[in-house]
Amino acid sequence: MNNYAIICLFVAAILLWFPRSWLRLGARITPKPPRKYNQTKEERDVYDNSVKPLTEAAKPRNWIDLARGAIGAVTVVFSLQELLSSTENKGVVLYCSVGMLLVAVCIQMIRLEGRLSLFAPIFFLQGMAVGLIGPLAGLLAMVGTWALSPVLPNSSTVLFVQGGLAVCLALLLPDSDLALALVVGALTWLPVLTAVLTHRRLAANFDKKMKVMPRA
């Protein structure tokens, strides 16, 4: 059983620690529409940092992030529970799980292409919430976040709302795990806190080149 758990943990590490930027290495299946026909006035507004639900839902890479976040989170917790089944200290399992998930969020959040920039891994974190606090609480938090996203100004507020909803729903629904609920909230708010402390904008679109905005 331990060998099986080790293999599962290795697979989880691949799923969680696989950088999103590597998903762009393949060629496009369909040709990209001409820029002048594909770009609207709203898309040309560099000051519009809101997250567009329909635009993000149309990107297959986002759904890949959602799936690997959910599967990876479940597999990490399961594998570490099996590997550490000989110990009665559940805190060891929790700390090891948090460590792996923390590294995963940092890998998905940090983007190094010429210069350091920060990306909001919204779908990836929503998938992790589904895997950690359960499908019901995780999916309800996801639906609630996207329902509110049209009135949220940027990706930071989207993640802030997502983390808050995930924690509240996990605590309100039966059979909730307080420790895992707090872990989900902390991991979801980590990109927001990092952006505030480093004075950088949290990009919602990973495929869009970040523009340096003039300081006031």
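Just the heavy atoms: all of them, side chains too, but no hydrogens, waters or symmetry mates, feed the values below.
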Do [X] and [Y] share a hydrophobic cluster, counting only Ile, Leu, Val, Met, Phe, Trp and Tyr and linking them when any side-chain heavy atoms are less than 4.5 Å apart?
X: Val192; Y: Leu102; value: yes
X: Leu83; Y: Val76; value: yes
X: Val92; Y: Ile6; value: yes
X: Tyr95; Y: Leu9; value: no

Between [atom1] of [X] and [atom2] of [Y], what distance do you get to the nearest 0.5 Å?
X: Ser155; Y: Arg201; atom1: OG; atom2: CZ; value: 7.5 Å
X: Ile122; Y: Met142; atom1: CD1; atom2: CE; value: 10.5 Å
X: Cys96; Y: Leu80; atom1: SG; atom2: CG; value: 5.5 Å
X: Ile71; Y: Cys8; atom1: CD1; atom2: SG; value: 12.0 Å
X: Leu173; Y: Leu140; atom1: CG; atom2: CG; value: 6.5 Å
X: Leu54; Y: Ser149; atom1: CG; atom2: OG; value: 9.0 Å

Going by ring-ring contact (aromatic ring centres under 6.0 Å, His included), name the pairs with one or both residues in residues 127-149, residues two or more places apart or in two chains. Phe123-Trp146
Show me the pairs that pass side-chain hydrogen bond (donor to acceptor under 3.5 Å, both in side chains) and involve residues 181-195, at least two apart or across chains. none
Could you note down all residue pairs passing side-chain hydrogen bond (donor to acceptor under 3.5 Å, both in side chains) where residues 62-78 supplies at least one of them, sequence neighbours left out? Arg20-Asn62, Arg20-Asp65, Glu56-Asn62, Asp65-Arg68, Arg68-Gln108
Closest approach of [X] and [Y], non-hydrogen atoms and distance?
X: Pro60; Y: Ala58; value: CD-O, 3.4 Å
X: Leu15; Y: Gly72; value: CD1-N, 4.3 Å
X: Ala73; Y: Leu101; value: CA-CD2, 4.2 Å
X: Ala104; Y: Phe124; value: CB-CZ, 4.1 Å

Under the side chain to side chain contact (heavy atoms under 4.5 Å, CB included) test, residues paired with [X] that sit two or more places apart:
X: Leu112; value: Ile110, Leu116
X: Val103; value: Trp17, Ile107
X: Val105; value: Leu125, Met128, Leu187, Leu190, Pro191
X: Leu94; value: Val98, Ala179, Leu180, Val183

ILVMFWY clustering at 4.5 Å (side-chain atoms), partners of Leu197: Leu193
May I ask you to list the residues sharing a hydrophobic cluster with Phe10, side-chain cutoff 4.5 Å, ordered by chain and number? Ile14
In residues 157-171, what donor-acceptor pairs under 3.5 Å come from side-chain atoms, sequence neighbours left out?
| from | atom 1 | to | atom 2 | distance (Å) |
| --- | --- | --- | --- | --- |
| Thr157 | OG1 | Asn154 | N | 3.4 |
| Thr157 | OG1 | Asn154 | O | 2.7 |
| Thr157 | OG1 | Asn154 | OD1 | 3.3 |
| Gln162 | OE1 | Thr145 | OG1 | 2.8 |

Could you tell me if the side chain of Asp177 sits less than 4.5 Å from the side chain of Ile133, heavy atoms only?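 No, every pair of side-chain atoms sits at 4.5 Å or beyond.
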Go through the steps to decide whether Gln126 and Leu66 satisfy the test side chain to side chain contact (heavy atoms under 4.5 Å, CB included), and finish with yes or no. CA-CA 6 Å; Gln126 289 174 342; Leu66 179 72; 4.0 Å; yes
